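As the structure is a prediction and not an experimental result, all values here were calculated from the model. Residues take their numbers from the sequence shown, with the count starting at 1. One-based numbering, in listed order, for ligands and for the atoms of each.
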Amino acid sequence: MNWYAGFETAVTENVPLAPKTWFNVGGPARYFVEPEDVAQTAAILLRLRENDIPIYVLGSGANLLVSDAGVNGAVIHLNRSAFKTIAFEGRQVSAGAGADVQRLIRECAHKGLSGLECLAGIPGTVGGEVRMNAGGAFGDIGSQVLDVTVMDINGQSYTRQRDDLVFEYRHSNITAKLILAATFELIPDDPNRIAEKVKEIWMFKRNSQPLAENNAGCIFKNVNGTSAGQLIDKTGLKGLRIGGAEVSQRHANFIVAKPGCQAADIQALITQVRRRVQEKFSVILETEVVIW
Ligand SMILES: Cc1cc2nc3c(=O)[nH]c(=O)nc-3n(C[C@H](O)[C@H](O)[C@H](O)COP(=O)(O)OP(=O)(O)OC[C@H]3O[C@@H](n4cnc5c(N)ncnc54)[C@H](O)[C@@H]3O)c2cc1C
């Protein structure tokens with residue numbers, strides 16, 4: 001019997017992952033799982049465990065490089081409506097892990113709640129952005145979090161409060177397999193002023209990033225406050241190309257995938273950039289992009 005008997009509406013086999021990532025490269029998922037709701041997610045996790053099937057979690061694929069071989073496991077995608085809810089209560093907003101962060105920002109601005117606009121122009125879902133503590137010069141998502149509801153590998157879900165959560169540069173101490181939802185505490189402000197701030201941050205991003213080309217944001221983490229992009233730029237690597245992968249001319253810490261690009265091209269370019277920067281600055285760059 002198939003491991004997913006009874007969950008046929010949620011599980012599909014051999015699903016190409018490339019179109020589900022911002023790089024638009026990489027191979028298929030052996031199993032692609034879109035659960036209906038929390039209860040079904042828990043049941044599927046148990047079944048995956050019983051069958052020793054590795055579990056991966058996909059948000060909007062904005063920080064992800066999938067290898068050309070794809071993923072020999074189950075990719076869970078919290079993309080059904082049950083995981084995309086956004087609900088307001090006073091100064092708090094609770095959002096499902098699958099909710100799009102840009103939509104969340106717009107709804108908060110509309111309600112006159114400020115705090116999340118620092119995430120303008122950072123593509124992703126609530127789950128992906130909380131996991132990565134997405135952010136930048138204008139702030140990060142972790143500083144607005146009140147609580148996060150997660151599910152562990154046994155299908156148990158529980159809520160972790162702000163006191164117990166640690167958000168650091170592109171990192172959180174959330175180790176549970178799945179983030180299901182998060183609540184943010186925001187500050188009341190004038191909707192027009194919030195919208196103006198969102199626009200300003202968005203324009204800044206548009207002018208400094210290669211948004212017209214396939215990419216996954218910053219490839220490497222900054223090193224103790226030193227910009228990885230600057231190190232790459234000073235090594236003279238802007239425009240360096242391997243196959244269809246190129247170090248962006250616009251932002252040295254971005255790699256863009258040209259038509260025909262393979263994941264292997266991007267992986268080779270990452271290796272080459274890391275080696276050249278190490279030779280010049282004796283600094284080993286750590287990847288920010290998640291590689292499957
Ligand atoms: C043009 C562009 C600009 C960007 N600019 C920035 C920026 O300024 N600052 C910044 O921080 N990032 C930036 N990024 C990267 C990206 O937007 C963030 O990392 C974002 O958090 C990715 O969210 P996602 O939903 O797409 O996650 P994915 O890329 O799908 O996944 C990222 C990681 O989160 C995990 N994950 C996803 N959803 C869940 C969940 N529900 N539960 C548990 N784990 C989960 C995945 O397993 C993976 O490990 C940029 C990307 C692009 C393409």
Review point. Under a 4.0 Å heavy-atom limit, does Gln209 contact ligand 1 with its side chain, its backbone, both, or neither?
Key: side chain

Point to revise | Donor-acceptor side-chain pairing of Asn133 and Ser172 below 3.5 angstrom | key: no

Exercise for review: Classify the ring geometry between Tyr31 and Trp3 as parallel (under 30°), tilted (30 to 60°) or perpendicular (over 60°).
Suggested key: perpendicular

**Study point:** Shortest protein contact, atom 29 (O) of ligand 1 (heavy atom only)
**Key:** Asn63 N, 2.8 Å

Check your understanding: Between Lys197 and Glu117, is the closest basic N to carboxylate O distance under 4.0 Å?
Key -> yes

Review point. Nearest protein heavy-atom contact for atom 44 (N) of ligand 1: which residue, which atom, what distance?
Key: Arg131 NE, 3.3 Å

Exercise for review: Verify, without hydrogens or angle tests, whether Asp152 (side chain) and Leu178 (backbone) share a donor-acceptor contact under 3.5 angstrom.
Suggested key: no

Exercise for review: Give the residue and atom name of whichever protein heavy atom lies nearest to atom 50 (C) of ligand 1, and the separation in Å to one decimal.
Suggested key: Gly217 CA, 3.5 Å

Revision key, fill the gap. Any heavy atom of Ala216 under 4.0 Å from ligand 1? The part involved is backbone

Review point. Can you tell me the protein heavy atom closest to atom 47 (O) of ligand 1 and the distance?
Key: Val57 O, 2.6 Å

Check your understanding: When you measure from atom 15 (C) of ligand 1 to each heavy atom in Gly96, Gly128, Ala62, Pro210, which option holds the nearest one?
Key -> Ala62

Practice item. Mark yes or no for whether Gln40, through its side chain, and Glu36, through its backbone, hold a donor-acceptor pair below 3.5 Å. Key: yes

